[in-house]
Visitor: 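Quick one: structure below, then a few questions.
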2 protein chains.
Amino acid sequence: MEEAQWLKSYEPRDYPAVGVTVDLVILTIRDKELHVLLIERGQPPFEGEWALPGGFVQENEDLHDAAARELQEETGLTQSDLDRVHLEQLQTFGKPGRDPRPLRVYSVAYLAFAPRLPEPVADTDAKNAAWIPLAATGEMKLAFDHEEILSAGVERARDKLEYSPLATKFVGPEFTISELRTVYEAVWGEQLHAANFHRKVLSVRHFVEETGRTTERGGERGGPRARLYRRGDATQLHPALLRPTAE
Amino acid sequence: MEEAQWLKSYEPRDYPAVGVTVDLVILTIRDKELHVLLIERGQPPFEGEWALPGGFVQENEDLHDAAARELQEETGLTQSDLDRVHLEQLQTFGKPGRDPRPLRVYSVAYLAFAPRLPEPVADTDAKNAAWIPLAATGEMKLAFDHEEILSAGVERARDKLEYSPLATKFVGPEFTISELRTVYEAVWGEQLHAANFHRKVLSVRHFVEETGRTTERGGERGGPRARLYRRGDATQLHPALLRPTAE
DNA sequence: CACCGTCTTTCTCAAACTGAGTACTTCTAT
DNA sequence: ATAGAAGTACTCAGTTTGAGAAAGACGGTG
C-alpha cells in the first residue's frame with residue numbers, strides 16, 4: 001500500500017480512549033521550609049481532595065507548553081515571573097486504573113522550582129490552592145497516585161541540587177550565600193556547615209558571580225551585611241556539591 | 001452531581017484520538033564500542049526507514065510492562081536474560097505532529113542497558129533489526145523524532161555511569177575490572193587511566209565484590225590472568241566515579 | 001624457548017579537596 | 001553597653017585525585 005493512501009484509510013476511532021494530562025510538582029521555599037503547591041479539587045473525580053495541580057494537554061499543544069500553561073494558571077505568575085521558574089519533565093505515570101474515569105489517563109509529571117511567590121489563586125477547577133509544607137503532606141491523602149508523583153519530584157530535586165545550579169531558582173535574582181544555604185538545607189532537610197558551604201560555593205566556577213553589593217542590613221538576629229551574588233552561567237556544577245554522606 | 005452518577009455520564013469518545021507508544025533505546029557494548037538496537041520498519045509510517053524498536057501500549061498494560069515486552073520481542077531474550085538487563089523510563093515525547101498518523105501519538109521512551117546479546121530477530125513489524133555502532137547512527141536519518149530520543153538516551157547513560165553501578169549491566173555476571181573500564185570508555189568515549197580506575201572501583205563500597213577466581217587465561221595480547229568480580233549491592237556510587245573534567 | 005610487548009595490579013608522590021573547628025568582625029535586639 | 005548571631009576568612013589533619021613508575025604474569029612470535 002502506498003503511504004499516502006494508507007494514511008487516508010486510517011481510522012483513529014479504532015483505538016481505545018486515552019487521555020494525557022500534565023501534573024506539576026511545584027516546589028518553593030517558605031520560612032526555610034520546602035513547600036509544594038497543592039489544590040483542593042473542585043470537580044470529580046476526587047472532588048474535595050487535595051491533589052497536584054494539572055490538567056489535560058490540549059489538542060495541538062506541546063507537553064512543555066501545557067505544563068507552563070498550568071503553572072501559570074495555578075500560580076497566577078506573569079510571563080516575567082515564569083522566566084525565573086525552572087520547569088523540567090519529571091516522569092510519566094500510566095498504570096491502568098490510576099484514574100477512575102472510563103478512559104485511560106496518562107500523566108506526564110513536571111517538576112518546577114520557584115522563588116517565593118504570592119499565595120496561589122484557586123482557578124475554576126479548584127476550590128482552593130495553597131503552599132503546603134512538605135512535612136505536612138506526609139499525613140495527607142492525595143488524589144490519584146499523586147503521593148507517588150510528589151515523592152518522585154522531591155527525590156529528583158534533592159539529586160538535582162548536587163550537580164546543577166538550580167538552587168538559585170529558589171531565590172531572587174540577587175541573593176546571599178546564606179540564602180542559598182537555606183535552600184540546600186530545606187531541600188535536603190539537614191544543617192550544613194556554613195563556613196565550608198561558603199568556601200565550596202565560591203570555588204565552583206560560574207556557579208555564582210559577585211554583584212559588588214551587599215544587603216541593606218544584617219540578619220534578623222544580628223550579624224554583618226552579607227555580600228550579594230547573582231546566578232552564574234554554569235549548567236552543571238563541577239565539582240558537584242555533594243550531600244553529606246548518605247552512606 | 002454524585003461522583004458515581006457522573007462516572008456513568010462520562011463519554012470517552014468526546015476526547016480527541018490519542019495513542020501512546022513505548023520506544024526503546026537499547027544500548028550494549030560490542031567490540032569495545034557502544035551500540036544501539038535499531039530496526040528497519042516493515043510497515044508505514046516510515047516504512048523501510050530505521051527506527052528505535054517500540055510499539056503501542058496495550059489496553060490494560062502498564063508502561064513498564066509494555067517496555068519489557070517490546071524489549072523481549074525485539075531481542076528474543078529469554079526471561080532469565082531479561083533479569084540481567086536494566087530498564088528505566090527515559091522521557092516522554094509528545095510534540096504535536098511528531099507522528100504523521102491522524103491521531104496524536106505520545107512516545108514514552110525507555111532506556112535499556114544490556115550485556116552482549118545475540119543478533120536481534122526481525123519480528124513482524126520489522127524487515128530487519130541490528131546492533132548499530134553509535135558512531136554510525138550520526139549519519140543515519142531515523143524515523144519520527146528518534147534521533148532526539150536516541151540522544152537523550154545516550155546522554156542519560158553517560159550520566160548514569162557516574163553515580164550508579166549500572167555499568168555492570170553491560171557485562172556478564174562475572175567480570176574483570178578491565179572489562180568494566182571498557183564499558184566506561186565506550187560510553188564516555190574516552191580513555192581512562194587504568195591504575196586509577198582500578199583503585200577507584202575497589203574503593204567504592206559495595207560496587208563490586210570479589211569472587212576469589214580469575215580468568216582462565218590472560219588477555220588476547222598478553223598480560224596476567226585478571227581477578228573476577230561480581231556486582232555488589234550498591235544502588236548508588238559513593239563517592240561517584242566522575243568523568244574526566246568536562247570543565 | 002627466549003624475548004618483547006601487553007596487561008593487571010600495586011605503589012609513590014604531590015596537588016587538590018573535605019570536614020571540623022577557630023577566629024575576627026559587623027550587626028541586631030535588649 | 002552588651003550578648004548573641006551571622007558572614008567570612010583561616011587552619012589543620014585526613015582523604016581523594018591525577019599522573020606516573022614498577023613489578024610480575026602471560027601470549028604471540030621468530
Side-chain angles (χ1 to χ4, degrees), chain A residues 31-32 161-163 171 174-186 188 190-205 207-230 237-247, chain B residues 32 162-163 171 174-185 188 190-205 207-230 236-247:
Chain A
D31 308 322
K32 310 200 171 191
L161 288 209
E162 288 197 319
Y163 55 89
V171 295
E174 300 200 342
F175 51 86
T176 67
I177 303 288
S178 307
E179 283 184 80
L180 200 57
R181 178 163 45 83
T182 301
V183 171
Y184 278 88
E185 290 177 338
W188 287 350
E190 50 194 321
Q191 296 285 116
L192 299 178
H193 182 120
N196 289 344
F197 180 83
H198 200 277
R199 176 182 59 187
K200 179 75 191 183
V201 167
L202 295 186
S203 78
V204 177
R205 265 167 318 232
F207 186 8
V208 300
E209 50 188 46
E210 260 185 277
T211 63
R213 303 189 302 112
T214 70
T215 51
E216 288 298 315
R217 36 163 300 154
E220 296 285 308
R221 293 177 306 203
R225 299 172 184 186
R227 293 185 202 159
L228 285 167
Y229 296 83
R230 72 173 76 87
L237 301 189
H238 270 285
L241 229 154
L242 295 176
R243 189 166 5 174
T245 36
E247 273 309 300
Chain B
K32 308 199 172 193
E162 288 197 319
Y163 54 88
V171 295
E174 300 201 342
F175 51 86
T176 68
I177 302 289
S178 306
E179 282 183 80
L180 201 56
R181 177 162 46 82
T182 301
V183 172
Y184 277 88
E185 290 177 337
W188 288 348
E190 51 194 322
Q191 295 284 115
L192 299 178
H193 182 120
N196 289 346
F197 180 85
H198 199 277
R199 175 181 62 187
K200 179 77 189 178
V201 167
L202 295 187
S203 78
V204 176
R205 264 165 319 229
F207 186 7
V208 299
E209 49 188 47
E210 258 183 280
T211 63
R213 304 190 301 113
T214 69
T215 51
E216 288 298 316
R217 37 164 299 154
E220 297 284 308
R221 294 177 305 204
R225 300 175 183 184
R227 293 185 203 161
L228 285 167
Y229 295 83
R230 73 174 74 90
Q236 295 254 331
L237 301 189
H238 271 284
L241 229 156
L242 296 177
R243 190 169 1 177
T245 36
E247 273 309 300

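Small disclaimer: the values here were computed from a predicted structure and weren't measured. Side chains included, hydrogens not; waters and symmetry mates left out as well; all remaining heavy atoms used. Below, chain A is the first sequence line, B the second, and so on; all start at residue 1.
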Visitor: Measuring from atom CZ of A:F175 to atom OG1 of A:T215, what distance do you get when rounded to the nearest 0.5 angstrom?
Guide: 13.5 Å

Visitor: Nearest 0.5 Å please: distance from the CG atom of A:L192 over to the NZ atom of A:K200.
Guide: 12.5 Å

Visitor: How close or far is atom P of D:dA6 from atom CG of A:L180, stated in whole angstroms?
Guide: 17 Å

Visitor: At the 4.0 Å heavy-atom cut-off to chain B, mark where contacts on DNA chain C begin and end, going 5' to 3'.
Guide: C:dG5 to C:dT12

Visitor: Taking the side chain as C-beta and beyond, is there a heavy-atom pair between B:T214 and B:L228 under 4.5 Å?
Guide: no

Visitor: Polar-atom pairs under 3.5 Å, protein N or O versus N or O of nucleotides 24-30 of chain D: list them with distances, or write none.
Guide:
residue: D:dC26; atom: O4'; partner: B:G223; partner atom: O; Å: 3.1
residue: D:dC26; atom: O2; partner: B:G223; partner atom: N; Å: 3.0
residue: D:dG27; atom: O4'; partner: B:G222; partner atom: N; Å: 3.4
residue: D:dG27; atom: O3'; partner: B:R217; partner atom: NH2; Å: 3.1
residue: D:dG27; atom: O3'; partner: B:E220; partner atom: O; Å: 3.4

Visitor: Write down the distance between CZ (A:R181) and P (D:dA5), rounded to a whole number of angstrom.
Guide: 14 Å

Visitor: Is the phosphate of D:dA6, meaning OP1 or OP2, less than 4.0 Å from a side-chain N or O of A:S178?
Guide: no

Visitor: Suppose the criterion is salt bridge (charged side-chain N to carboxylate O under 4.0 Å, His left out): which pairs have a residue in residues 174-183 of chain B, not counting sequence neighbours?
Guide: B:E174-B:R213, B:R181-B:E185

Visitor: From OH of A:Y229 over to P of D:dG7, roughly how many Å is that when rounded to an integer?
Guide: 12 Å

Visitor: State, yes or no, whether a side-chain contact exists between A:V201 and A:Y184 at a heavy-atom distance under 4.5 Å.
Guide: no

Visitor: Can you check whether B:E209's main-chain N or O pairs, donor with acceptor, with B:R230's side chain at less than 3.5 Å?
Guide: no

Visitor: To the nearest 0.5 angstrom, please state how far the CG atom of A:L242 sits from the OH atom of B:Y163.
Guide: 13.0 Å

Visitor: Please name all residues satisfying side-chain contact (heavy atoms from CB on, under 4.5 Å) with A:T182, sequence neighbours left out, ordered by chain then number.
Guide: A:K32

Visitor: Does B:E190 have any side-chain contact (heavy atoms from CB on, under 4.5 Å) partners at least two apart in sequence or in another chain, and if so, which?
Guide: B:W188, B:R243, B:P244

Visitor: Do A:Y229 and A:L180 come within less than 4.5 Å of each other through their side chains, counting heavy atoms only?
Guide: no

Visitor: So which protein N/O to nucleotides 16-20 of chain D N/O distances come out below 3.5 Å?
Guide:
residue: D:dT17; atom: OP1; partner: B:K200; partner atom: NZ; Å: 2.7
residue: D:dT17; atom: OP2; partner: B:K200; partner atom: NZ; Å: 3.4
residue: D:dG18; atom: N7; partner: B:N196; partner atom: ND2; Å: 3.4
residue: D:dG18; atom: N7; partner: B:R199; partner atom: NH2; Å: 2.8
residue: D:dG18; atom: O6; partner: B:R199; partner atom: NH1; Å: 3.0
residue: D:dA19; atom: N7; partner: B:N196; partner atom: OD1; Å: 3.3
residue: D:dA19; atom: N7; partner: B:N196; partner atom: ND2; Å: 2.9
residue: D:dA19; atom: N6; partner: B:N196; partner atom: OD1; Å: 3.3
residue: D:dG20; atom: N7; partner: B:H193; partner atom: NE2; Å: 3.0

